[in-house]
Amino acid sequence: MTDAPILSVKDLMIEFNDHTLPETAVFDFDLTLNAGEIVGIVGESGAGKSLSALAIAGLLKRHSMARNGSILFEGNNLLNCDREILRGFQGDEISVVFQEPLSSLNPAYRVGKQVEESLRIHHPEMSADERKERALAALEDAGLSDSGRVYNSYPHELSGGMRQRVMIAAAMISDPKILIADEPTTALDVTVQAQIIELFKKINREKRCAILFISHDLSLVKTLCHRVIVMKDGRIVEEGETEEVFYNPREDYTKQLIGAIPRIGEKKKSREAGETLIRMSRVDAGYRTGVSKNSFKTVLHDVSLELKAGEILGLAGESGSGKSTAARAIMGALEVTSGEILRAEGYEPYGNGMRMIFQDPYGSLNPAHTVEWILTEALTGGKRRKYPGGASAIREAVLNALDQAELSEELLSRKPRELSGGQRQRVAIAEAIISRPGLIIADEPVSALDVTVQQQIIALMERLRDEKGIAMLLISHDLRVIYRICDRVAIMKGGRIVEEGSVDRVYSAPEQVYTKELLAAALMET
Amino acid sequence: MIKKLLAAAATLAAVSVLVFFAFSLIPGDPAVKKLGTQATPEALEMMREKLGLTGPLPLRYLKWVSGFITGDPGVSYSYDMPVAELLGDKLPVTMALVFMAFVILVVISVPLSILHARNEGKRSDRVLLFIGQGIMAVPPFFMGIMLTWFFGIILKVFVPGGYVSYKTDPAGFLAYMFFPALAIALPRIAMTVKLLRAQILKEAREDYVRTAYSRGNSTMAVLYRHVLKNAFIPALTFLSMNLTDMVAGSVVIEQVFGIPGYGRFLLNAILGRDYPVVEAIVMGLAAFILLVNMTADILYRLLDPRI
């Protein structure tokens, strides 16, 4: 499978002068990449995996960091060599694919021009026609059969998956020896993600191109990579053959990381659901996009859902499937054109019975105020003076909510930016439960979190259901998370519910083709 | 595009209604102004008849508008000459002044902001920022006086007050207009550089810049091939706003440098209640602003494929 080493990194040390950045350092990083090999680097945010990859790609600003060690490629140390030499390799021998295909493409130029760019830089002798021919071929190799149209498109005119294929085409056009892929599928839907992974496999097989694959997603690394490197806090924790690391991890951290992947297959205990809180029957709903009469856009079609006390209902689907819109309909923020939404008493729109938690806790917590202020606001709705029981009752409720969310009292005086991602999401949960709601609507609550933190938040949500009997609607694109925590699941596509049932039934015996596809893509096991 | 044109036409029509009726409602009788307070009522009535101030307002409006469309916006009260003829040799002077100022603005601020952005954080960057801050704080008329004093009286590069008409000596005209144009442009250059520098630096932090580097582009290539186009898109609005604003700003500068543009003429017309002249100038300005905005819109579409 593999042969001679083409890249060897020894004792790589990178440290930024600016310690306010989350990822500021890499220590003692060693890596040998053989021709035709796929090596994965996994770790949580701040582990230094992207930093190491960017260093190898020569994309770190040299003047802002302290560096040591060597990155040897074709007899040159990329860490210290002349910039001209480095540039000669970039885009020609070493190519990079980034996480966000939209922002990584220049919005003002056509795709074709960007795909060809490496050729124009490294092969100025090539004619424009020849370049275009190569670009079209590269686009087709990347799975874009309609290459002529894509060539003349602007990035914003393409879908997320197509954009990432464009990025891959641009990287592969010069037949590089090494392809560095930095979280290339993180921003994509699961079915697209699976296709892109297949594309990487094909590139590796047919072009014999070595791939350095950086990801926080262990299951992806497991399906794609021959060897894997596990990083934590800027250091390599463990490395070895993929099978070996996954089935026989030596280090505790690796075990913890693998253990945190929600597993599918463990039988779930069935639970008694309570009375119905909210029942949507055959709801069509949407919103206005402008002032004119025909600007009404119907997003939900014929959606029927039932939320019962004490259970967690999962709402799964890819982006644009209408999951969040369904949640907004339940919150009462949408115009219902047909069907009806029945609510139990106390679950009216904007009442205290329902509360929401969002994906990005940093964006949804007011950055100018302390945790105590935020929680007090959530409790009293800004009418602090009129709260029955006065200041001491407020304080008690705040401390109680904090305790429920497993946060310590000393965080009260902190502001959101002084908290970690997990702590912020706990504050958001405390904010949601402080008014003692019977239902929490959680929109992708763990998607922005590292797996180990994700696991803790999921455990907290389960505990709130079990101990407080809080019902939840959990919106997630991650079918593993849904399996782990939900009692029932509804799969959405194009604003409709495709399939609904108990998690055990849907996962073990899906009835619809789309559900099968989605499950296959999400649970990709080798 | 057609929608935009229609919208512009509608805006112009609305402006014309506002302008016409507003001037009709202003207290003060042009006939009295013309004949003096001693005139007999009969003489005043005749004068009103002659000036077209009798009859129902809507009818007078229609007459005025149709005159405008056919290129005859009426007769000046104070000069007894057609407005078109009066403004005919003044507007080109102002336009030349504004256009020159705009060219100076673009030619100086674009390279300067690139230089500025490339040296981010270095001493030259800070010095330029400081100078820019200072220049921004100087009002254009004072800038005009300073330029006259320094270049006209001390260095004797040009003769203050020595305006020559573009009809007799085009080269001399352009040479004389340089310093007034500079006085208008300088404070705006400082602002434009500040904005463009910030735009360039913002774009330079975008993800696509990293992609460009990953393909082996040099710093210069990244700047010129990738960053600049994106950085200029938001600056377009700013530049077009500046262009329209400079027309208003030129009134004062024309006074300082003794240039016979529309500025002084407008002031006199307002003081002398010479409504046909004022109305014509206001309409002209409105049309100019609409034209500039539309041009900016078209350029926007050409530069930014997302719109």
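Residue numbers start from 1 in every chain, and the chains themselves are labelled A, B, ... in the order their sequence lines are given, proteins ahead of strands. For the numbers below, each heavy atom of this structure counts, side chains included, while hydrogens, waters and symmetry mates do not.
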Tell me whether the count of non-hydrogen atoms from other residues, nucleotides or ligands lying under 6.0 Å of CZ in B/F21 goes above 12.
yes
Could you tell me the separation between the CG atom of A/D182 and the OG atom of B/S214, rounded to the nearest 0.5 Å?
11.0 Å
I want to check something: taking the side chain as every heavy atom from C-beta on, are B/N217 and A/I121 in contact at a cut-off of under 4.5 Å?
yes
Please confirm whether the backbone N or O of B/G216 pairs with a side-chain atom of A/H122, one donor and one acceptor, at under 3.5 Å?
no
Point-to-point distance, once rounded to the nearest 0.5 Å, from OH of A/Y154 to CG of B/D304:
9.5 Å
Are B/H226 and A/E117 close enough that a side-chain donor and a side-chain acceptor fall under 3.5 Å?
yes
Counting heavy-atom pairs under 4.5 Å with chain B, which one of A/Q99, A/R110, A/H156, A/E100 comes out on top?
A/H156
Supply the atom-to-atom distance A/I173 CD1 to B/R215 CZ, rounded to the nearest 0.5 angstrom.
9.5 Å
Contact check, side chains of A/Y109 and B/K229, non-hydrogen atoms, under 4.5 Å
yes
Looking at every heavy atom in both B/T211 and A/S104, which two are closest together, and how far apart are they?
OG1-O, 2.7 Å
Any heavy-atom pair between the side chains of B/Y208 and A/S103 that's under 4.5 Å?
no
Side chain / backbone / both / neither for A/A108 at chain B, heavy atoms under 4.5 Å:
both
Spacing of OH belonging to B/Y213 relative to CG belonging to A/L59, to within rounding of 0.5 Å:
10.0 Å
Inspect the surroundings of CD in A/E133 and state if more than 12 heavy atoms from other residues, nucleotides or ligands are less than 6.0 Å away.
no
Looking only at B/V227, B/I233, B/N230, B/L303, most heavy-atom pairs under 4.5 Å shared with chain A are made by B/N230
Contacts with chain B made by residues 79-98 of chain A (heavy-atom distance under 4.5 Å), listed by residue number:
A/R87, A/Q90, A/G91, A/I94, A/V96, A/F98
Side-chain donor-acceptor pairs under 3.5 Å in residues 11-18 of chain B, sequence neighbours left out?
{"residue": "B/T11", "atom": "OG1", "partner": "B/A7", "partner atom": "O", "Å": "2.7"}
{"residue": "B/S16", "atom": "OG", "partner": "B/A13", "partner atom": "O", "Å": "2.6"}
{"residue": "B/S16", "atom": "OG", "partner": "B/Y61", "partner atom": "OH", "Å": "2.6"}

Taken to the nearest 0.5 Å, the spacing of A/N106 CG from B/R225 CZ works out to 12.0 Å
Counting only heavy atoms not in B/R118, do more than 12 fall under 6.0 Å of its CZ?
no
